[in-house]
Amino acid sequence: MKRALVTSGAIDVVTEFAVHDRGGHGATASFIGRVRGDDGVSELMLEHHPAMTAAALDALATQAQARWALDCVSVIHRIGAMQRGEVIVLVLASSAHRDAALAGASFLIDRLKTDVPLWKRETLVDGNQRWVEPRANDEARAAGWD
Amino acid sequence: MKRALVTSGAIDVVTEFAVHDRGGHGATASFIGRVRGDDGVSELMLEHHPAMTAAALDALATQAQARWALDCVSVIHRIGAMQRGEVIVLVLASSAHRDAALAGASFLIDRLKTDVPLWKRETLVDGNQRWVEPRANDEARAAGWD
Amino acid sequence: MLSMNISYFAWVRERMGKGSETVTVPTGIATVRDLIGWLATRDAAGAAAFAEPERIRVALGATMANLDDTLGNGDDISLFPPVTGG
Amino acid sequence: MLSMNISYFAWVRERMGKGSETVTVPTGIATVRDLIGWLATRDAAGAAAFAEPERIRVALGATMANLDDTLGNGDDISLFPPVTGG
């Protein structure tokens with residue numbers, strides 16, 4: 001099973017995990033990214049590309065399933081405005097095997113950071129806004145999966 | 001925060017995730033291991049060492065927190081008899097940083113497989129019982145963290 | 001002379017002051033890099049958005065592309081900064 | 001002569017037919033490896049459990065130990081197969 005989508009509503013982590021739990025897979029690995037509250041950010045806005053973003057998430061999920069024995073993959077990214085502590089992204093990879101689940105989940109989040117058209121804009125508590133810059137090691141981590 | 005325990009009751013994955021969600025950490029990585037239903041196993045029994053197992057889980061959590069910037073770690077292992085699809089083990093690692101969360105969760109499950117006194121016995125649908133043997137690459141994966 | 005639809009995202013969109021436009025480019029604009037160079041000299045907004053071409057990423061249609069890819073008449077072109085999702 | 005408490009786990013426990021026992025070992029039994037060798041010759045259960053010493057893991061008290069570690073009087077020793085949790 002493959003589930004890849006962008007959503008402007010809150011990501012329901014429990015419901016998404018339940019899909020994998022029902023499958024009875026031996027192993028599920030996950031990654032959850034949240035809006036951090038420790039750096040003076042009051043709101044995060046995620047901009048996407050209407051014609052590309054969902055397709056890019058789907059392509060990533062397809063790549064992961066082709067490379068590892070993954071019975072179920074979910075890649076869900078929120079767009080629009082969100083607050084501290086809210087979930088930005090959820091990645092789930094299930095397999096009969098631990099190695100495949102762990103590698104699949106890491107691959108999905110590492111590649112999402114470089115391959116999927118999404119842009120973060122932070123609003124600080126003083127009202128200023130700034131576009132987030134890529135982290136220096138994002139490209140290196142993503143290239144590690146080539 | 002550190003949470004390491006063995007339990008004979010069902011692991012409540014939602015409740016354990018909620019602890020990490022409340023923390024508002026930027027990144028949470030997880031691993032869930034379940035009883036597989038695809039190989040003729042009707043019941044799995046996990047034997048533990050009453051004087052050692054909980055302490056060994058706690059020691060692993062401490063090692064992970066010393067090595068990476070992990071704000072919250074949970075390592076929870078079920079013992080006793082369990083059925084297909086039930087959760088055997090849950091590992092959660094939360095950090096401000098993706099790299100730390102992903103590495104921490106992988107480390108915890110890889111090392112748990114070699115360092116914590118726990119033994120699996122399968123009961124097959126035909127009633128026969130067998131003790132599970134370690135997988136060939138378990139030692140290599142665990143040693144990869146040395 | 002080529003006519004094409006350009007969409008802008010994130011700080012490229014903000015600096016351009018618009019999300020999209022249809023442009024007809026002068027003769028000699030053959031690649032995405034040429035297009036960016038032309039936009040950078042067209043007006044102050046373009047100068048602000050495209051001062052550093054190496055910070056610009058591009059898609060042709062719904063496919064990631066390169067600055068040296070060739071433009072075609074009627075292309076849908078997206079110009080944006082390095083992505084920062086996840 | 002040393003006296004010690006031994007606990008068995010998993011298939012070692014099953015083959016021994018007991019979870020624990022207190023034993024007094026003959027003179028000359030100095031290490032865990034010696035103890036396993038003695039148990040393997042003591043009776044049929046011990047022979048079944050300890051036929052392959054390299055498959056046996058050991059803890060002294062609550063600490064993982066090695067087959068060549070030295071025994072002490074009153075030690076709590078655990079003998080078990082390689083672990084398979086997770």
Side-chain angles (χ1 to χ4, degrees), chain B residues 4 6-7 11 31-36 44-60 75-80 82 87-91 105-122 129-139 141-142, chain D residues 3-23 32-33 35-36 39-40 44-86:
Chain B
V6 292
T7 173
I11 296 175
F31 181 84
I32 298 171
R34 297 185 196 83
V35 184
R36 284 162 57 182
L44 187 71
M45 194 280 297
L46 255 295
E47 182 168 331
H48 76 303
H49 188 304
M52 292 182 70
T53 308
L57 291 177
D58 192 81
L60 269 189
V75 190
I76 299 165
H77 207 292
R78 187 161 169 195
I79 56 174
M82 58 201 85
V87 175
I88 306 167
V89 61
L90 171 64
V91 163
S106 292
F107 167 88
L108 287 165
I109 188 62
D110 285 347
R111 281 296 181 86
L112 189 156
K113 295 236 175 201
T114 60
D115 291 7
V116 178
L118 288 160
W119 301 274
K120 285 195 184 97
R121 191 193 64 197
E122 297 175 336
Q129 295 185 331
R130 64 183 181 204
W131 290 92
V132 171
E133 292 290 327
R135 288 175 62 195
N137 71 342
D138 284 349
E139 290 282 350
R141 276 191 72 103
Chain D
S3 177
M4 55 198 72
N5 309 303
I6 317 180
S7 297
Y8 306 110
F9 294 91
W11 54 254
V12 175
R13 174 179 53 71
E14 286 189 340
R15 292 180 190 179
M16 291 302 285
K18 63 184 93 173
S20 65
E21 62 178 319
T22 299
V23 298
V32 177
R33 193 183 300 278
L35 173 66
I36 290 173
L39 289 167
F50 298 110
E52 300 172 89
E54 72 277 8
R55 295 188 68 203
I56 303 299
R57 301 292 179 270
V58 59
L60 291 176
T63 307
M64 290 289 192
N66 296 303
L67 291 185
D68 295 316
D69 286 346
T70 303
L71 301 171
N73 195 49
D75 273 356
D76 289 307
I77 301 163
S78 301
L79 299 173
F80 45 78
V83 306
T84 56

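Each chain gets a letter, A, B and so on, in the order the sequences are listed, and its residues count up from 1. Hydrogens, waters and symmetry mates play no part in the numbers below; they use all other heavy atoms, side chains included.
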### Query
With chain B, which of D/Trp11, D/Phe9, D/Phe80 has the greatest number of heavy-atom pairs at distances under 4.5 Å?
D/Phe9
### Task
Go through the atoms of D/Thr63 and report whether side chain, backbone, both or neither lie under 4.5 Å from a heavy atom of chain B.
backbone
### Query
Stepwise, does the side-chain hydrogen bond (donor to acceptor under 3.5 Å, both in side chains) test hold for B/Thr53 with B/His77?
CA-CA 9 Å; B/Thr53 308; B/His77 207 292; over 6 Å; no
### Task
Could you give me the CA-CA distance, side-chain angles and deciding distance for B/Leu118 and B/Ile79, then say whether side chain to side chain contact (heavy atoms under 4.5 Å, CB included) is met?
CA-CA 8 Å; B/Leu118 288 160; B/Ile79 56 174; 4.0 Å; yes
## Note on the structure
Here the pair of heavy atoms bringing D/Phe50 nearest to D/Met16 is CE1-SD, 3.7 Å
#### Entry: Evaluation steps, salt bridge (Lys or Arg N to Asp or Glu O under 4.0 Å), between B/Glu133 and D/Arg55
CA-CA 11 Å; B/Glu133 292 290 327; D/Arg55 295 188 68 203; 2.7 Å; yes
### Query
Where on B/Asp110 is there a heavy atom nearer than 4.5 Å to chain D: the side chain, the backbone, both, or neither?
neither
### Message
Please rank D/Gly61, D/Gly86, D/Pro82 by heavy-atom pairs under 4.5 Å with chain B and give me the top one.
### Response
D/Gly86
### Query
Relative to chain D, which segment of B/His48 carries a heavy atom at a distance below 4.5 Å: side chain, backbone, both, or neither?
backbone
#### Entry: Residue, of D/Ala10, D/Ala62, D/Ala59, D/Pro81, that accumulates the most heavy atom pairs under 4.5 Å with chain B
D/Ala10
### From CG (B/Asp138) to NZ (B/Lys113), nearest 0.5 Å
6.0 Å
